[in-house]
Each structure stands twice: as C-alpha cells, then as structure tokens.
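These notes concern the structure reproduced below.
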Amino acid sequence: MQRIFITGVSSGLGYGLAKVFLERDAIVYGISRRAPDCLIDLGLRHRCVDLRKEDVGRKAISHMVQQVDSFDLVLLNAGKLGQIRDMVATPLADIRDTMEVNVFANKWLLDVLFSNSRSIAQVIGISSGASQSGSRGWNGYSLSKATLNMLIKLYAGEQLNTHFTSLAPGLIDTAMQDYLTELPADARYAPLETLKAAKGTEAMPDGYGCAQKLVQILPNLLEKQSGCYVDIRNL
Ligand SMILES: NC(=O)c1ccc[n+]([C@@H]2O[C@H](COP(=O)([O-])OP(=O)(O)OC[C@H]3O[C@@H](n4cnc5c(N)ncnc54)[C@H](OP(=O)(O)O)[C@@H]3O)[C@@H](O)[C@H]2O)c1
C-alpha cells in the first residue's frame with residue numbers, strides 16, 4: 001500500500017491531492033493549520049501544524065511518522081502568496097514570513113522525514129511559474145518559489161536514492177486565485193488580466209481536477225533529471 005505525505009491539505013490543491021490518494025486506498029499523512037474534517041473521515045492521518053513554528057512542528061511531525069519506515073511520495077504543497085504589490089511597498093517582515101512557509105519549513109520538514117534512516121522514493125516541491133517569471137508585484141512569492149527550486153536541487157544532490165522535482169502545477173482555482181482575480185485591474189501587474197480571463201475555464205481547474213492531472217504525470221517526472229524544475233503545462 002502506498003504511503004504519501006502532503007503539506008497544506010486543508011484546501012485547494014493539497015486537499016485535492018489528499019482526496020485523490022485516499023480514493024486510491026493510499027495511506028495519507030497530511031498537515032495544515034486547519035483540520036480537513038471530510039478527509040479525516042475518509043482516513044487521512046492529520047496533525048494541525050503551523051509551518052512557521054519549527055520547534056512545535058518538528059515534534060508533531062516526528063511523532064506522527066515515527067512508525068513509518070518509508071514514504072512513496074512526499075508532496076511539499078503548503079504555500080502562502082502574500083499581497084500583490086511592488087517590492088518597495090512590501091515589508092521585509094512579510095517576505096520573511098513567506099520564505100518561512102514556502103522555503104525554510106520545507107528544509108526542516110525534509111530533515112525530519114529523512115531522519116531515522118526513513119527512505120523516500122519521490123519528493124515533489126510545488127513550485128510556480130512565478131519562480132521563473134519575476135512578474136512585477138509577485139514580490140516575496142516569486143523569491144520564495146525560486147529559492148524552493150534551488151532547495152529541491154540541493155537536496156537532490158545529497159539524497160541520491162530519492163527522486164526530486166520542483167513542479168509548477170499551472171493555474172488552479174483555489175483561495176489564492178480568488179484573491180488574485182478579485183483584485184482591481186492594475187496595468188502594473190499584467191498577469192492579473194490573464195488570471196481573470198482564465199478563471200472559470202478549463203485553463204484553471206479546481207484543486208481536485210489539478211490533483212488528478214498531477215497524479216497521472218507522476219511517472220513522467222521520474223524520467224526527468226532529479227532536482228529539476230518542471231512546468232506541468234510543458235509535459
Ligand atoms: N492556485 C494556483 O493557481 C497556484 C499556481 C501555482 C502554484 N500554486 C502552489 O500550489 C500550492 C497550493 O496552493 P493553493 O492554490 O491550493 O492554495 P490554498 O488553497 O491557499 O492552500 C494553501 C494550503 O497551504 C496551507 N498553509 C498555508 N500556510 C500554512 C502554514 N503556515 N502552516 C501550515 N500550512 C499552511 C493551508 O492550510 P492552513 O491555512 O489550514 O494552514 C492550505 O492547506 C502552493 O504551494 C501554491 O504556491 C498554486
């Protein structure tokens with residue numbers, strides 16, 4: 001039976017991924033601050049963890065996985081967007097907070113999961129096209145996703161028995177897109193118009209739809225070099 005670990009299972013893509021794997025009878029471990037009661041009813045093993053709180057988080061996750069000696073897949077999905085605004089208008093404290101959730105938490109989390117000689121066959125860091133585009137307004141989010149790509153590459157160079165990918169999942173109709181598509185039109189932040197046009201179309205599936213696509217392309221990812229960045233739209 002497959003064992004999967006997923007961060008950010010309370011909404012959006014993470015919720016969809018956990019649901020898809022539970023429906024396939026996998027054993028799914030998930031964390032988020034909010035508890036996804038419907039998934040817990042389906043068998044999700046869940047802990048409420050705030051990824052900005054390393055000490056408490058390490059203890060909770062170590063305890064949660066202590067009986068597990070291997071994972072087939074770890075999905076580092078939890079993420080924070082922050083506000084769309086210029087760099088100059090973005091407080092450093094906000095960028096630090098985004099880096100904490102989108103990057104640094106994934107470092108200590110991987111260390112916890114790899115501890116006690118636990119083996120992991122595949123790790124996917126959920127990245128974003130924003131890690132490449134550097135579009136005006138995407139400030140700390142772009143910084144954090146570009147750094148996440150490098151974190152994944154660095155771990156790939158160390159953990160030679162694990163296959164790593166930074167995966168941009170394409171547009172997904174989640175809370176993040178609700179925020180983006182409800183912003184007033186602003187010529188400075190050009191991608192907003194593209195997102196507004198994509199909302200409600202096939203170009204922006206919901207979390208469950210995107211999760212189904214992602215699960216289908218898992219074998220394709222294993223053919224790529226470990227540690228590389230892949231955009232699902234280019235597969
Ligand atoms: N939506 C898109 O179009 C899109 C595009 C490209 C990439 N992505 C990436 O896809 C991933 C999922 O995003 P989404 O769109 O599904 O967003 P979402 O619906 O806002 O879900 C984010 C998830 O991350 C968790 N999370 C956030 N902060 C956390 C914290 N401090 N501690 C623990 N968990 C935390 C949330 O759980 P709690 O709030 O319960 O803690 C939630 O389950 C993210 O990495 C995002 O960057 C999304």
Task: For S131, the option from D231, T147, N149 that meets side-chain hydrogen bond (donor to acceptor under 3.5 Å, both in side chains) - done: N149
Evaluate the side-chain proximity of [Y] to [X]: yes if any heavy-atom separation is below 4.5 Å, no if none is.
X	Y	result
D94	Q83	no
S128	W138	no
Q177	L195	yes

From [atom1] ([X]) to [atom2] ([Y]), nearest 0.5 Å:
X	Y	atom1	atom2	answer
N102	K145	CG	NZ	4.5 Å
N106	E100	CG	CD	10.5 Å
I217	Q212	CD1	CD	13.5 Å
T181	K199	OG1	NZ	4.0 Å
I61	I31	CD1	CD1	4.0 Å
K213	L235	NZ	CG	10.0 Å

Indicate every side-chain donor-acceptor pair of residues 34-42 with a distance under 3.5 Å to a residue at least two apart or in another chain.
residue : atom : partner : partner atom : Å
R34     : NH2  : S10     : OG           : 3.3
R34     : NH2  : S11     : OG           : 3.3

- [ ] Return each pair, listed once, that meets side chain to side chain donor-acceptor pair (under 3.5 Å) where at least one residue sits in residues 185-196; pairs must be two or more places apart or across chains.
- [x] D86-Y189, D186-R188
Task: Any pair counted as side chain to side chain donor-acceptor pair (under 3.5 Å), so long as it reaches residues 56-79, sequence neighbours left out - done: E54-R58
Per-pair distances, 0.1 Å, donor-acceptor, side chain in residues 159-169, under 3.5 Å, sequence neighbours excluded:
residue : atom : partner : partner atom : Å
T162    : OG1  : I120    : O            : 2.7
H163    : NE2  : L221    : O            : 3.4
H163    : NE2  : K224    : O            : 2.7

Open item on the list: As a quick check of understanding, evaluate side chain to side chain contact (heavy atoms under 4.5 Å, CB included) for N139 and R85, giving each step before the final call.
Closed with: CA-CA 7 Å; N139 60 72; R85 53 188 168 186; 3.8 Å; yes
Task: Steps toward side chain to side chain contact (heavy atoms under 4.5 Å, CB included) verdict (R96, L92) - done: CA-CA 6 Å; R96 286 197 177 107; L92 199 45; 3.6 Å; yes
Please say yes or no: joined through hydrophobic side-chain contacts below 4.5 Å, possibly via intermediate residues, are [X] and [Y] part of one cluster?
X	Y	answer
Y29	V49	yes
L75	L113	no
V68	F114	yes
I172	V230	yes
M176	Y179	yes

- [ ] Quick one: closest heavy-atom pair of H46 and S32, and the distance?
- [x] NE2-OG, 2.9 Å
- [ ] Return the minimal non-hydrogen interatomic distance between C210 and L13, and the atom names on each side.
- [x] SG-CD1, 3.8 Å
Apply side-chain contact (heavy atoms from CB on, under 4.5 Å) to [X] and list each qualifying residue two or more places apart in sequence or on a separate chain.
X	answer
A198	L171, T201, A203, M204
S115	R118
R33	D50, R52
Q225	none

Task: K80-T98 side chain donor-acceptor pair, cut-off 3.5 Å - done: yes
TODO: Assess whether side chain to side chain contact (heavy atoms under 4.5 Å, CB included) is satisfied between F104 and L151, documenting all intermediate values.
DONE: CA-CA 9 Å; F104 303 140; L151 181 85; over 6 Å; no
Open item on the list: Under 4.5 Å side-chain heavy-atom separation, chaining through any Ile, Leu, Val, Met, Phe, Trp or Tyr, what else clusters with M150? Say none if it is isolated.
Closed with: L154
Task: Sidechain-backbone polar pair: T7 side chain, A78 backbone, donor-acceptor under 3.5 Å - done: yes
Open item on the list: Tell me if a side-chain donor or acceptor on S144 pairs with a main-chain N or O of Y141 at a distance below 3.5 Å.
Closed with: yes
Task: Qualifying salt bridge (charged side-chain N to carboxylate O under 4.0 Å, His left out) pairs, either residue in residues 149-169, two or more places apart - done: none
Residues 15-24 side chain polar contacts: donor-acceptor under 3.5 Å, at least two apart:
residue : atom : partner : partner atom : Å
K19     : NZ   : E23     : OE2          : 3.4
E23     : OE1  : Y208    : OH           : 2.5
E23     : OE2  : Y208    : OH           : 3.4

Open item on the list: Tell me every residue that passes ring-ring contact (aromatic ring centres under 6.0 Å, His included) with F5, counting only those two or more places apart in sequence or in another chain.
Closed with: F71
